[in-house]
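I have placed the structure first, in the form of structure tokens, so that the comments after it can refer back to it.
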Amino acid sequence: MKALIMNRRHFLTSAGVAGAGLVLSSCDAFDAATERGSRMRAILESAEKLTFRTQRLLVGDSLAQEFTEADIRQPMRPNGVVRPQDPDYLQLQSSGFNSYRLIVDGLVKQPLSLSLDQLQAMTARAQITRHDCVEGWSCIAKWTGVPLAAVLDRASLLPDARFVVFHCFDTIERSLAGEVKYYESIDMIDALHPQTILAYGMNDAMLPVENGAPLRVRVERQLGYKMAKYIRRIELVASLEAIGDGRGSYWADRGYEWYAGI
Ligand SMILES: Nc1nc2c(c(=O)[nH]1)N[C@H]1C(S)=C(S)[C@@H](COP(=O)(O)O)O[C@H]1N2
Ligand SMILES: [Mo]
């Protein structure tokens with residue numbers, strides 16, 4: 001986190017200098033300023049290399065729009081898998097998720113196994129946000145949960161943890177080749193974002209099975225398929241290569257964007 005903040009500050013300083021130069025220069029002055037070896041050119045080149053990273057970092061601080069209770073459009077339309085039939089899941093469901101444990105492992109100093117009670121005892125955040133599915137519909141609902149950042153903080157990340165992978169209970173695909181359970185991943189910018197929560201509540205009630213009970217993630221600046229439901233395990237990894245077909249996301253492995261920004 002410290003490294004990200006320092007990089008961002010560095011970029012803002014460079015951008016400020018480059019921006020001021022561009023505003024003050026006429027075209028001629030701008031050309032001259034970008035001659036090989038000039039200081040301005042060096043600044044612009046380093047800014048270009050940083051573009052992808054800095055775009056993400058700048059977006060990194062923005063909040064998704066939040067709405068009021070009056071804006072809630074019910075019912076939250078369930079989509080994708082809505083009734084997992086996987087035996088492990090059915091067993092948990094039949095006991096009201098009493099024996100549910102969220103596993104947090106991979107590149108962490110302190111692997112975790114947290115019950116719903118433990119998750120609900122942590123400081124909660126509620127937010128009323130819009131869910132946009134790639135299919136073109138949207139819904140507004142209130143989500144209550146624990147910030148993912150707080151859970152990751154408890155697990156104490158190792159320095160090379162770069163992605164958070166969500167492993168789910170539900171089978172999204174059955175074929176002769178076997179079964180595929182839903183999986184998704186986000187980077188640390190979204191993982192540590194204040195609106196990224198592990199939600200156990202929806203519209204002031206327990207999260208319904210259709211919407212991902214007992215725990216689903218909200219990643220408010222991305223499309224619906226990033227918001228993994230039925231989370232079984234959170235794995236911290238350095239690379240997505242070994243996840244699914246290599247892109248770290250069921251839908252990204254089938255041609256959708258991995259970063260599904262809205
Ligand atoms: N585990 C799991 N998570 C999932 C899906 C799924 O099929 N399985 N579908 C995704 C898609 S495409 C969308 S739009 C949202 C739907 O969330 P909802 O059922 O709460 O509306 O969940 C996402 N997360
Ligand atoms: Mo979706």
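Each ligand, and each atom within it, is numbered from 1 in the order the structure gives. Quick note: numbers below take in every heavy atom, side chains included, and nothing from hydrogens, waters or symmetry partners. Residue indices begin at 1 and follow the sequence shown.
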Problem set entry | Gap between atom OH of Y183 and atom CG of D170 - 0.5 Å precision | 12.5 Å

State, without any angle test, whether [X] and [Y] hold a side-chain donor-acceptor pair at a distance under 3.5 Å.
{"X": "D86", "Y": "T171", "answer": "yes"}
{"X": "S95", "Y": "N98", "answer": "no"}
{"X": "Q110", "Y": "S156", "answer": "no"}
{"X": "R218", "Y": "H131", "answer": "yes"}
{"X": "D187", "Y": "Y259", "answer": "no"}
{"X": "Q85", "Y": "R83", "answer": "no"}

With only distance considered, is [X] within less than 3.5 Å of ligand 1 through an N or O on each side?
{"X": "D170", "value": "yes"}
{"X": "N79", "value": "yes"}
{"X": "M227", "value": "yes"}
{"X": "Y225", "value": "no"}
{"X": "R77", "value": "yes"}
{"X": "V82", "value": "no"}

Which one holds for [X] and ligand 1: side chain close, backbone close, both close, or neither close, with close meaning a heavy atom under 4.0 Å?
{"X": "A228", "result": "backbone"}
{"X": "E135", "result": "neither"}
{"X": "V81", "result": "both"}
{"X": "L223", "result": "neither"}

Exercise. If you measure from atom 17 (O) of ligand 1 to every heavy atom of R232, R216, K226, which option wins on shortest distance?
Worked result: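 Among R232, R216, K226, the closest heavy atom to atom 17 (O) of ligand 1 comes from R216.
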
Exercise. Measuring from the heavy atoms of H131, does anything fall under 4.0 Å of ligand 1?
Worked result: yes

For this session: Cation-pi check, R216 to W143: give yes when NZ or CZ is under 6.0 Å from the six-membered ring centre and within 45° of the ring axis, no otherwise.
Result: yes

For [X], take its heavy atoms, then give the atoms of ligand 1 lying under 4.0 Å from any of them.
{"X": "C133", "value": "14 (S)"}
{"X": "I172", "value": "7 (O)"}
{"X": "E210", "value": "19 (O)"}
{"X": "C168", "value": "1 (N)"}
{"X": "Y230", "value": "1 (N)"}

For this session: Kindly assign one of parallel, tilted or perpendicular to the pair Y182 and Y250, based on the angle between their ring planes and the thresholds 30° and 60°.
Result: tilted

Exercise. Salt bridge check: are D105 and R233 linked by an N-O gap of less than 4.0 Å?
Worked result: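 The answer is yes: the pair qualifies as a salt bridge.
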
For this session: Report yes or no: does Q222 contribute a side-chain atom to a donor-acceptor pair with the main-chain N or O of A260 at less than 3.5 Å?
Result: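 Yes; judged by distance alone, with no hydrogens or angles, the pair exists.
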
